[in-house]
Peer 1: 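This is the structure I want to talk about, given as structure tokens.
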Amino acid sequence: MLQAVLLLPLLIFSLVDTQGGLETEAKPVNGTSPPTPSYEPWDRYRLPDSLLPEYYNVTLWPRLHVDEHGMYIFTGNSTVVFRCVKETDLVLIHSNKLNFTTYSGHHAILSAVDGPSPPAIKTTWLQVRTQYLVVQLNGNLVPGKSYQLFTEFRGELADDLKGFYRSEYYQGSELKIIAATHMQPTDARRVFPCFDEPSMKAVFHVSLIHEPGTVAISNGMEIDTVNVTMNGFGVFQTTFQPTKRMSTYLLAFVACDCSHMRTDERNKVTIRVWARREFITEGSADYAFKVTGPLLELFETFYNWSYPLMKYDQIALPPSSAGPMENWGLVTYSEAAILYHPERSSNKDKERAATILAHELAHMWFGNLVTIKWWSDLWLNEGFATYMSCLGTSKVEPSWNLEDLMVLDAVLDVFVDDSLPSSHPLSTPEEEISSPEEINALFDSITYSKGGLVLRMLSDFLPDSVFTRGLAAYLKQFAYSNAGYSDLWKHLQGALDQTKGANLPAAVHDIMNRWILQMGYPVVTIDSRTGDISQKHFLLDPESVPHRTSPFNYEWIVPIKWMKNGVPQSQHWLMNKTAQHEAMRTEGAEWLLANINMSGYYRVNYDLGNWERLLIQLKTNHQIIPVINRAQILNDAFNLARAKMINVTLALRSTQYLSKETKYLPWEMAIDNLDHFFLMFDRSDVFAPMQTYLRKQVEPLFRYFKTITSNWTQLPSGHTDQYNQVNAISLACRVEVSECQRLVLGWYKQWMRLPDSNPIPPNLRWTVFCHAIEAGGEEEWLFGWDMLQNFSSQEMVHALSCTKEPRLLERYLKYSLDPKHWRLDASTTIGYVATNVAGQALAWDFLRSNWRHMVNLYGKEAESLSEVIRKVTKRFSTEQELKQLQQFKDDPSVTESESAAAALQRAAKRTTANIQRRPKIMQSPQKDGPPLQPRPARHRPRQTSPGTDTGSRTVCSLNTTS
Ligand SMILES: *[C@@H]1O[C@H](CO)[C@@H](O)[C@H](O)[C@H]1NC(C)=O
Ligand SMILES: *[C@@H]1O[C@H](CO)[C@@H](O)[C@H](O)[C@H]1NC(C)=O
Ligand SMILES: *[C@@H]1O[C@H](CO)[C@@H](O)[C@H](O)[C@H]1NC(C)=O
Ligand SMILES: *[C@@H]1O[C@H](CO)[C@@H](O)[C@H](O)[C@H]1NC(C)=O
Ligand SMILES: [Zn+2]
């Protein structure tokens with residue numbers, strides 16, 4: 001420990017100065033839309049309650065070829081039958097971006113289903129802002145009577161991933177088009193006029209017209225395909241079984257030339273998985289196909305409800321497609337989300353596939369059978385699917401320790417966001433959410449990850465079987481209908497009340513509303529000298545003030561599972577701001593640990609003595625502490641230090657025991673927390689001692705993996721061991737353990753000799769490519785470049801930015817803007833190069849001198865531009881860099897782009913803060929420091945297409961795009 005002790009003062013110095021963190025800027029979160037100034041019904045985003053849809057007959061014809069105007073379009077017609085429940089002279093129905101055929105100047109034809117004719121149409125128009133087709137009548141519709149509205153329309157089959165869209169890919173040299181849909185949350189109205197709110201459930205009779213050589217699929221099973229002649233062309237028309245009563249956002253229509261696998265068991269649900277022909281042939285859909293059946297049976301048991309439809313289709317769509325979406329009976333995914341090839345894909349890909357498959361399947365009941373009343377309850381839908389995904393996956397892949405992984409991911413995903421003053425509660429008042437923008441903004445990490453964690457906490461503190469019994473009762477009452485969170489609390493309470501001997505300190509809704517109606521979470525502090533316990537809203541920046549007030553004054557009802565000296569104790573409830581629990585008083589060397597298995601959504605702090613005893617326990621025998629709590633201790637310590645609640649020395653000392661740790665969770669947590677340090681100090685004098693310290697910590701881990709992989713000749717058998725092997729290699733190479741550098745370069749050279757057989761296992765490619773190119777020279781780089789020309793490989797795109805050679809980095813930057821090298825995306829490449837400490841300055845210069853070009857390439861308000869600015873400037877911490885930033889900001893070519901100017905403004909703010917926080921000693925940049933590379937983000941990037949049910953935010957799944 002000598003080394004470490006010597007090093008500590010320096011590091012502590014650094015730690016203090018990263019207060020506030022690097023990536024924790026407040027994102028404005030604002031749920032309130034300006035009050036609508038007008039009072040006309042068509043000016044409001046919400047439908048009036050006068051009409052209820054019963055069923056629709058929809059025929060759609062997507063064209064997979066450009067029309068005479070060079071446009072891809074679809075055409076269609078639809079009849080909606082609806083019942084009048086309140087007298088009205090208006091039919092308001094959602095419609096967006098559709099062009100209508102007119103009849104006597106009107107957009108629609110209205111008739112009665114039975115009984116006398118309805119009043120004549122006075123006028124019709126499209127209300128663009130609120131996305132309605134408005135039909136105004138000369139008289140009133142009669143309550144109790146049903147009517148039908150017929151429309152004929154056309155829309156663009158654009159490649160915008162919304163509504164009915166097209167996805168393109170190449171089969172050999174042939175361009176192929178797929179027509180697919182993504183409706184959630186508010187884009188069914190782009191496909192045909194409909195009452196596009198989740199409570200407006202109806203039955204849908206669908207028929208699709210499609211070209212020869214394609215199949216058509218939808219929510220219901222195909223019942224009939226016939227040849228028809230349209231405009232002189234022979235085409236097919238496929239008709240589907242009518243759906244169950246369902247919400248519009250769950251509809252799906254696909255026409256493609258794709259192949260499938262299917263189960264064929266009598267009296268059982270038909271399961272099919274669809275994908276491009278080549279992927280089915282080579283077996284990439286096998287895994288998805290294989291796990292779906294067991295998951296389905298598992299959920300049927302868990303929900304105590306048979307799968308409600310006759311078939312379950314899942315389709316993998318080419319890269320230019322929207323994210324996972326739980327359409328009822330036809331789930332759409334991107335290929336990257338669920339395809340898995342044993343020789344090309346990593347175990348992370350496999351885990352992602354399993355968790356996303358489970359997430360979407362879980363929605364078939366929770367979400368589709370019973371649907372939220374309004375989007376303000378989205379967290380319930382997504383949090384639940386997230387939680388169920390973990391439950392389901394851990395059953396079909398029991399060796400993965402999925403629940404622990406889920407918690408790790410969710411905590412890393414949401415604990416920082418939710419400790420900012422700008423966070424927001426899980427549940428938003430209904431009236432704050434009405435426009436499509438407000439609805440789309442709900443798809444965030446709070447909704448998915450916090451939602452999942454809070455429900456996990458609930459199922460954990462409820463006595464056995466209460467959760468499942470309550471849930472089953474809830475499904476039973478609201479099947480084919482809609483409900484809200486209070487309904488779920490009610491049924492859980494009901495199940496609890498029927499359970500003899502079960503009791504909670506308060507009603508389910510009293511406990512749970514604390515967690516969903518106020519934002520953030522508490523830090524619970526336990527004083528082991530007195531047994532005093534207290535709670536406080538945890539804010540990363542202790543000086544910040546929450547942007548919202550809380551109905552509960554930021555007080556939670558906290559379930560505390562804890563242990564004393566490794567022995568589990570009976571659960572305690574913290575009901576108030578402060579309390580005293582005699583049993584939590586310790587004596588002598590006894591230590592306490594609270595929030596066992598991190599089953600509660602909070603952090604824990606202790607008196608200093610207890611912290612010391614915990615650290616001693618970690619160093620002497622860490623196995624007594626559950627692995628997930630070892631990760632928790634590290635994460636809480638670092639974050640409590642950032643919030644100035646404990647001394648930073650303590651946080652750092654929590655990493656000392658790692659030289660004995662071999663498990664993934666604590667290492668992942670430590671590396672995640674240490675990444676901030678790498679970034680701030682890799683150009684400073686602290687860097688060398690930091691390297692030395694970490695080398696000492698990681699060397700035993702590296703040797704451990706060398707042993708269990710028989711000298712790197714096989715993969716570790718455990719799922720999380722495979723992840724930690726990546727950590728071991730990437731950290732060891734990063735801190736220049738020479739054996740690691742030899743290892744990766746050896747592998748790489750072996751590949752160079754036999755380019756057709758890559759010996760590097762897919763799991764390790766990201767890390768090995770990068771560190772081999774870093775340790776190698778021009779030859780290695782050129783080989784990588786050649787390989788990239790043959791295969792699209794994000795690992796290689798990244799790895800080429802890892803070289804230390806400025807010449808090569810410069811060349812790489814130049815290539816990134818050359819249209820010849822279409823596999824490179826300039827903003828991604830520049831971002832990668834900037835992350836390399838050797839490329840930081842080069843990337844910054846390159847970005848400035850090629851700004852015009854970038855603006856032309858992406859468009860001046862493109863997100864890619866703000867993103868690249870953020871990446872290139874994230875290390876900035878000197879006066880000179882600040883000056884350069886300001887000069888660039890005033891450049892006329894920059895000021896014309898609002899979003900870029902804003903990104904530079906944020907960068908300047910961050911740089912100023914970094915300058916103030918950096919003591920003088922660290923301001924001599926080390927020009928020739930080794931490049932440090934990011935690990936592949938375990939977390940998915942922020943969602944780019946709002947409204948996708950990314951499974952991506954699933955707490956148990958891993959890195960991918962949405
Ligand atoms: C939030 O909305 C309110 C009311 O419209 C407005 O006054 C306030 O400035 C907004 N806050 C942010 C951070 O946008
Ligand atoms: C809708 O389609 C169904 C099934 O084809 C048919 O029975 C029904 O009459 C149609 N309704 C209307 C209003 O066209
Ligand atoms: C809707 O369109 C289809 C295909 O063009 C056509 O066969 C059908 O008759 C149309 N329905 C109505 C009610 O006009
Ligand atoms: C709809 O009408 C607008 C205005 O005439 C036109 O620009 C657009 O291309 C039309 N869309 C389709 C799909 O025909
Ligand atoms: Zn979901």
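Here the structure is a predicted model, which is why all the values come from computation and not from measurement. In what follows, every heavy atom counts, from backbone to side chain, and hydrogens, waters and symmetry copies are set aside. Atoms within a ligand are numbered from 1 in the order they appear, just like the ligands themselves.
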Peer 1: Using a heavy-atom cut-off of under 4.0 Å, does the side chain or the backbone of Met71 touch ligand 4, or both, or neither?
Peer 2: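 Side chain only; the backbone of Met71 stays clear of ligand 4.
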
Peer 1: Measure the shortest side-chain to side-chain distance between Met221 and Arg272 over non-hydrogen atoms and say whether it is less than 4.5 angstrom.
Peer 2: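 Side-chain contact under 4.5 Å: yes.
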
Peer 1: Distance to 0.1 Å, residue and atom name: give those for the protein heavy atom nearest to atom 13 (C) of ligand 4.
Peer 2: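 I find the closest protein heavy atom is Gly155 C, 3.5 Å.
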
Peer 1: Considering only protein heavy atoms, which is closest to atom 14 (O) of ligand 4, and at what distance to one decimal place?
Peer 2: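 The answer is Arg154 NE, 2.9 Å.
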
Peer 1: The Zn ion (ligand 5) and Glu382: any N/O/S contact shorter than 2.8 Å?
Peer 2: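 Here the distance criterion (N, O or S atom, under 2.8 Å) is met by Glu382, so yes.
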
Peer 1: Evaluating non-hydrogen atoms only, which member of Thr59, Asn77, Leu60 is closest to atom 8 (C) of ligand 3?
Peer 2: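 It is Asn77 whose heavy atom sits nearest to atom 8 (C) of ligand 3.
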
Peer 1: What protein heavy atom sits nearest atom 7 (O) of ligand 3, and how far off is it?
Peer 2: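 Here the nearest protein heavy atom works out to Gln237 OE1, 4.8 Å.
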
Peer 1: Out of all atoms in ligand 4, which are within 4.0 Å of some heavy atom of Glu156? Include the element for each.
Peer 2: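 It comes down to these atoms of ligand 4: 13 (C).
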
Peer 1: Flag this pair as yes if the NZ/CZ of Lys350 is under 6.0 angstrom from the six-membered ring centre of Tyr287 and inside a 45 degree cone about the axis; otherwise no.
Peer 2: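 Satisfied, under 6.0 Å and within 45°.
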
Peer 1: Can you tell me how far apart CG (Asp377) and OG (Ser486) are? Round to the nearest 0.5 Å.
Peer 2: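 Rounded to the nearest 0.5 Å, the CG-OG separation comes to 8.0 Å.
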
Peer 1: Can you pull out the closest protein heavy atom to atom 12 (C) of ligand 4? Residue, atom name and distance to 0.1 Å, please.
Peer 2: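 Result: Asn99 ND2, 3.5 Å.
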
Peer 1: Under 4.0 Å from atom 2 (O) of ligand 3, is there at least one protein heavy atom?
Peer 2: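 Within 4.0 Å of atom 2 (O) of ligand 3, protein heavy atoms are found.
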
Peer 1: Answer yes or no: is there a side-chain heavy-atom contact under 4.5 Å between Leu157 and Ile73?
Peer 2: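 SC-SC contact between Leu157 and Ile73 ruled out.
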
Peer 1: Going by the atom numbers of ligand 3, which of them fall below 4.0 Å from some non-hydrogen atom of Phe150?
Peer 2: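 Matching atoms, with element in brackets: 12 (C), 13 (C), 14 (O).
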
Peer 1: Please indicate, with yes or no, if any protein heavy atom is found under 4.0 Å from atom 5 (O) of ligand 4?
Peer 2: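 Answer no: nothing from the protein, no heavy atom, is under 4.0 Å.
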
Peer 1: Would you say Thr355's side chain and Glu351's backbone share a donor-acceptor pair under 3.5 angstrom?
Peer 2: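 Answer holds: yes.
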
Peer 1: Distance below 4.0 Å between atom 10 (C) of ligand 4 and any protein heavy atom?
Peer 2: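 Yes, because at least one protein heavy atom sits under 4.0 Å from atom 10 (C) of ligand 4.
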
Peer 1: Quick one: which of Val331, Leu250, Leu330 gives a side chain to side chain contact (heavy atoms under 4.5 Å, CB included) with Met325?
Peer 2: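 Of Val331, Leu250, Leu330, side chain to side chain contact (heavy atoms under 4.5 Å, CB included) with Met325 is met by Leu250 alone.
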
Peer 1: Report the angle formed at the Zn ion (ligand 5) by atom NE2 of His363 and atom NE2 of His359, rounding to the nearest 10°.
Peer 2: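 Roughly 100°, rounded to 10°.
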
Peer 1: State whether Glu403 and Arg456 are salt-bridged, where the test is any N-O pair (Lys NZ or Arg NE/NH1/NH2 against Asp/Glu carboxylate O) under 4.0 Å.
Peer 2: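 The answer is yes: the pair qualifies as a salt bridge.
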
Peer 1: If the cut-off is 4.0 Å to any non-hydrogen atom of Met230, which atoms of ligand 3 fall inside it?
Peer 2: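 Those qualifying, in numeric order: 4 (C), 5 (O).
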
Peer 1: Would you check whether Lys97 reaches within less than 4.0 Å of ligand 4, judged by its heavy atoms?
Peer 2: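 For ligand 4, residue contact (heavy atoms, under 4.0 Å) with Lys97 is absent.
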
Peer 1: Does a salt bridge link Lys97 with Asp160, judged by any charged N lying under 4.0 Å from a carboxylate O?
Peer 2: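 Salt bridge between Lys97 and Asp160, a charged N being under 4.0 Å from a carboxylate O: no.
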
Peer 1: In this structure, which one of Phe236, Phe233, Trp61 forms a ring-ring contact (aromatic ring centres under 6.0 Å, His included) with His210?
Peer 2: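 Of all the options given, the one that passes is Phe236.
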
Peer 1: Using a 4.0 Å cutoff against the non-hydrogen atoms of Ile209, which atoms of ligand 3 qualify?
Peer 2: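 Near Ile209, the atoms of ligand 3 are 4 (C).
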
Peer 1: Within the distance-only criterion (no hydrogens, no angle test), does the side chain of Thr214 pair as donor or acceptor with the backbone N or O of Ala255 below 3.5 angstrom?
Peer 2: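 Flag not set: sc Thr214 to bb Ala255 has no pair under 3.5 Å.
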
